[in-house]
There are 2 protein chains.
Amino acid sequence: MKIIQNISAELLKADIKPSWQRIKIYEFLLNNNIHPTVDTVYKKLAKEIPTLSKTTVYNTLKLFEEHHLIKNVNIEENEIRYDAQNHIHGHFKCTQCGKIFDFKYNYKDLKYKGLDDFILNQTDVMIKGICKSCKEKNKSN
Amino acid sequence: MKIIQNISAELLKADIKPSWQRIKIYEFLLNNNIHPTVDTVYKKLAKEIPTLSKTTVYNTLKLFEEHHLIKNVNIEENEIRYDAQNHIHGHFKCTQCGKIFDFKYNYKDLKYKGLDDFILNQTDVMIKGICKSCKEKNKSN
DNA sequence: TTTCATAAATGTAATGATTACAAAATTAAA
DNA sequence: TTTAATTTTGTAATCATTACATTTATGAAA
């Protein structure tokens with residue numbers, strides 16, 4: 001749980017003017033590592049900020065992304081999800097229950113062929129499969 | 001360049017009845033490793049098959065994917081792309097020119113933490129950055 | 001060949017996420 | 001306070017995808 005002042009300071013450090021909406025949106029992302037969609041963020045915060053517009057959520061999240069405060073995680077086909085975690089991790093999507101799991105991997109050991117003289121800014125490892133819980137559920141049937 | 005008979009046989013092997021549309025769509029994917037969108041496939045083939053419907057392209061590509069003949073590559077935020085290559089490779093997206101590059105990586109060395117007892121079906125490595133050509137273009141400015 | 005049943009393809013309409021845009025509200029500066 | 005700039009808001013437009021009903025093609029049986 002980060003307090004508002006810290007959040008405000010982090011926004012400023014990223015060259016983002018800390019408006020109330022921006023603070024609340026960033027706070028939500030920091031306190032909810034659930035790779036939320038725009039709609040999820042909007043619905044949760046609309047309770048606290050009744051005047052909140054979905055366009056604001058879209059604009060704000062895009063702004064955060066451009067300032068490298070959060071990452072755009074391309075897990076689902078049809079919607080953007082965001083992730084505010086700053087440690088390197090991969091995403092596992094269970095194709096049965098739809099849940100998304102974080103996992104760690106040895107990213108330092110990764111070697112690439114074909115990307116000489118390319119600038120690598122963001123690496124994502126995405127795995128699809130069946131999660132433990134679904135796997136066990138399937139066994140019992 | 002695969003010939004029609006081979007393509008037909010491959011479809012049958014995947015339990016897919018080889019209709020003319022399906023053959024042409026699969027042929028296009030095999031001969032064009034460009035991670036095409038549905039729209040790209042549709043537009044190219046509409047010239048050869050004037051009656052082709054975009055819905056058919058959607059349905060067919062989904063069918064191919066369900067039968068593990070092709071893969072759904074989640075490179076862009078807003079559209080599905082497909083890949084018929086069967087060797088393991090990653091995708092690099094240049095955030096400047098938008099081009100997508102394939103690259104090889106040492107996938108056998110990848111180790112995961114947090115996915116014990118999970119079934120891993122498909123692993124994707126996606127990198128965003130600046131390609132060599134754009135990097136050099138930027139230098140000269 | 002004709003008939004019938006099934007599968008595949010087609011076209012249109014609906015959905016839903018995202019974006020464009022202009023107006024309203026807020027903030028900062030003068 | 002006045003003014004300008006920034007941020008937020010709401011509505012309308014866009015565009016990829018899907019739903020669905022109709023038409024067409026295919027294949028087997030008579």
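Proteins come first, then strands; the chains are lettered A, B, ... in the order of their sequence lines, and each starts at number 1.
Screening residues 47-62 of chain B for side chain to side chain donor-acceptor pair (under 3.5 Å) gives Lys24(B)-Glu48(B), Asp39(B)-Lys54(B) as the qualifying pairs, with residues at least two apart or on separate chains. Judged as a side chain to side chain donor-acceptor pair (under 3.5 Å), the pairs with a partner in residues 130-140 of chain B (not counting sequence neighbours) are, in order, Gln96(B)-Asn138(B).
Shown here are the side-chain contact (heavy atoms from CB on, under 4.5 Å) partners of Ile80(B), two or more places apart in sequence or in another chain: Glu77(A), Asn72(B), Tyr82(B). With sequence neighbours left out, Glu79(A) forms a salt bridge (charged side-chain N to carboxylate O under 4.0 Å, His left out) with Arg81(A). Residues meeting the side-chain contact (heavy atoms from CB on, under 4.5 Å) test with Asp83(A), sequence neighbours left out: His35(A), Val73(A), Gln85(A), His89(A), His91(A). In terms of the side-chain contact (heavy atoms from CB on, under 4.5 Å) criterion, residue partners of Tyr107(B) (sequence neighbours excluded) are, by chain and number, Ile88(B), Tyr105(B). Partners of Asn86(B) by side-chain contact (heavy atoms from CB on, under 4.5 Å), not counting sequence neighbours: none found.
Using a 4.5 Å cut-off between side-chain heavy atoms of Ile, Leu, Val, Met, Phe, Trp and Tyr, Ile119(B) falls into a hydrophobic cluster with Ile130(A).
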Give me the distances for all protein-to-nucleotides 5-7 of chain C N/O pairs that come in under 3.5 Å?
none

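Listed by residue number, the members of residues 36-51 of chain A with any heavy atom below 4.0 angstrom from DNA chain D are Thr51(A). For the segment residues 52-59 of chain A, the set of residues with a heavy atom within less than 4.0 Å of an atom of DNA chain D comprises Leu52(A), Ser53(A), Thr55(A), Thr56(A), Asn59(A), in numerical order. Contacts with DNA chain C (heavy atom under 4.0 Å) in residues 61-71 of chain A: Lys62(A), listed by number.
Residues Leu115(A) and Leu120(A) meet the side-chain proximity criterion, which asks for heavy atoms closer than 4.5 Å.
Tyr112(B) and Phe103(A) have their aromatic ring centers within a separation under 6.0 angstrom.
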